[in-house]
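Numbers here are sequence positions counted from 1. This structure is a prediction, so every number in the text was calculated from the model and none was measured.
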Amino acid sequence: MPEPPSLPNCPPGLEYLSQIDQILIHQQIELLEIITGFETANKYEIKNAMGQRVYFAAEENDCCTLNFCGPSRPFTMKVMDNMGREVINFTRPLRCSSCCCPCCLQEIEVHAPLGTPIGYVKQTWDPCLPKFVIQNEAREDVLKIVGPCVVCSCCSDIDFEVLSLDGNNIGKISKQWTGFVREAFTDADNFGIQFPMDLDVKIKAVMLGACFLIDFMFFEHTGQNRQQRAGVW
């Protein structure tokens with residue numbers, strides 16, 4: 001993609017987000033995971049609606065954390081533009097994955113560039129629904145995300161609705177159905193994010209972090225679980 005011109009109050013590298021109202025996230029399939037069940041760091045291609053790659057995201061983690069902490073693992077996710085420059089940095093601390101622990105809920109901190117926080121994604125406790133808030137750099141609530149009661153579906157997409165603070169629907173984060181074979185044998189997921197064109201580019205970047213957090217919390221599976229789902233074991 002050609003590099004767009006710089007914009008006022010826009011972190012370097014995020015200018016392109018001002019021109020779009022949706023992005024697609026494709027997790028790359030790792031053959032080592034399929035064959036051995038050995039967990040590897042996640043990698044994602046981030047594309048526009050025409051399928052052109054805009055960014056590339058790569059998880060940074062060590063082998064012990066990858067294979068012993070599973071989907072609950074802490075991570076650093078770096079997002080690079082097509083020139084290889086880091087433009088966004090996501091950090092997820094280690095948190096309890098149990099919904100019965102409202103004092104230790106999931107969150108992600110978003111930097112653009114590294115060292116400059118631009119927002120946060122924080123899980124909010126609810127006994128029935130997956131809920132999150134998107135916050136700006138001052139930790140003020142900006143948007144809400146509400147998922148379905150049962151985060152499981154066959155042959156259809158799973159939508160997490162993005163709402164304004166007064167409850168109006170302004171977008172969604174969708175986990176897209178990829179077919180029986182891919183769903184059974186891999187945890188390589190496809191997502192789509194829709195948001196208003198005029199939404200602050202910083203909040204658009206934070207929504208990308210929300211997508212990664214949702215992927216890890218609800219759709220990431222360990223190697224053994226993948227093989228059990230596929231009927232290998």
Side-chain angles (χ1 to χ4, degrees), residues 11 13-14 23-34 36-47 53-81 84-99 101 104-124 130-135 137 139 145 147 151 160 173 175 186-191 193 202-226:
L14 301 191
I23 50 178
L24 307 175
I25 299 96
H26 296 164
Q27 184 177 352
Q28 294 189 336
I29 295 176
E30 300 291 343
L31 293 178
L32 182 63
E33 289 187 359
I34 299 174
T36 67
F38 187 85
E39 190 70 25
T40 59
N42 288 0
K43 298 180 179 66
Y44 304 84
E45 283 192 315
I46 302 168
K47 303 178 179 181
R53 193 172 94 171
V54 182
Y55 301 112
F56 180 80
E59 175 189 1
E60 289 193 344
N61 235 322
D62 59 81
C63 291
C64 290
T65 301
L66 285 167
N67 290 280
F68 288 102
C69 295
S72 300
R73 64 185 182 262
F75 63 76
T76 295
M77 186 84 66
K78 292 186 176 182
V79 177
M80 284 76 69
D81 63 13
R85 298 171 297 191
E86 181 179 344
V87 294
I88 314 174
N89 186 286
F90 301 106
T91 303
R92 180 199 190 189
L94 182 63
R95 291 285 188 270
C96 177
S97 60
S98 173
C99 62
C101 297
C104 196
L105 299 175
Q106 301 292 320
E107 67 176 70
I108 272 187
E109 183 172 338
V110 186
H111 288 223
L114 182 62
T116 304
I118 62 168
Y120 305 84
V121 182
K122 301 191 71 173
Q123 182 187 12
T124 56
K131 292 185 176 182
F132 305 85
V133 293
I134 289 178
Q135 300 178 326
E137 61 267 32
R139 293 190 177 271
I145 299 174
V151 188
F160 289 74
I173 297 173
K175 194 274 184 184
T186 80
D187 60 359
D189 300 313
N190 290 341
F191 288 87
I193 305 177
K202 297 178 184 177
I203 301 302
K204 291 181 180 181
V206 178
M207 284 183 64
L208 180 58
C211 181
F212 289 137
L213 182 59
I214 288 169
D215 183 24
F216 275 82
M217 288 181 62
F218 301 107
F219 305 109
E220 182 81 0
H221 304 282
T222 63
Q224 181 175 344
N225 287 339
R226 281 193 299 274

Go through Asn190 and Leu24 one step at a time and tell me if the side-chain contact (heavy atoms from CB on, under 4.5 Å) criterion holds. CA-CA 7 Å; Asn190 290 341; Leu24 307 175; over 6 Å; no
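Between the CD1 atom in Ile134 and the CD1 atom in Ile203 there is a gap of 7.0 Å [rounded to 0.5 Å]. The CD atom of Gln123 sits 5.0 Å away from the CZ atom of Phe132 when rounded to the nearest 0.5 Å. Here the straight-line distance linking atom CD of Glu107 with atom OG1 of Thr124 works out to 12.5 Å at 0.5 Å rounding. Rounding to the nearest 0.5 Å gives a distance of 10.0 Å between CE of Met77 and CG of Asn89.
In this view, Glu45 and Lys47, Arg53 satisfy the salt bridge (charged side-chain N to carboxylate O under 4.0 Å, His left out) rule, not counting sequence neighbours. Legend: residues meeting ring pair (Phe, Tyr, Trp, His ring centres under 6.0 Å) with Phe56, ordered by chain and number and at least two apart, are absent. In this structure Tyr55 satisfies the side chain to side chain donor-acceptor pair (under 3.5 Å) test with no other residue, sequence neighbours excluded. Partners of Arg92 under the side chain to side chain donor-acceptor pair (under 3.5 Å) rule, at least two apart in sequence or in another chain, are Gln106. Glu137 pairs by the side chain to side chain donor-acceptor pair (under 3.5 Å) definition with nothing, not counting sequence neighbours.
The shortest distance between side-chain heavy atoms of Glu59 and Leu66 falls below 4.5 Å. Annotation: side chain of Ile25 is in contact with side chain of Leu208 (closest heavy-atom distance under 4.5 Å). Using a 4.5 Å cut-off on side-chain heavy atoms (C-beta onward), Arg73 and Phe216 make contact. Between Ile23 and Lys204, the closest side-chain pair of non-hydrogen atoms is not below 4.5 Å. Between Lys202 and Pro11 there is a side-chain heavy-atom pair separated by less than 4.5 Å.
Taking the six-membered ring for Trp and the full ring otherwise, the centers of Phe75 and Phe212 sit at least 6.0 Å from each other.
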Expected list for residues 115-122: side-chain donor-acceptor pairs under 3.5 angstrom, two or more places apart:
none

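None of Leu213, Asp215, Ile193 except one satisfies the side-chain contact (heavy atoms from CB on, under 4.5 Å) rule with Ile173; the exception is Ile193.
A donor-acceptor pair is defined here as one N or O able to donate and one able to accept, closer than 3.5 Å; such a pair exists between the side chain of Asn61 and the backbone of Pro74.
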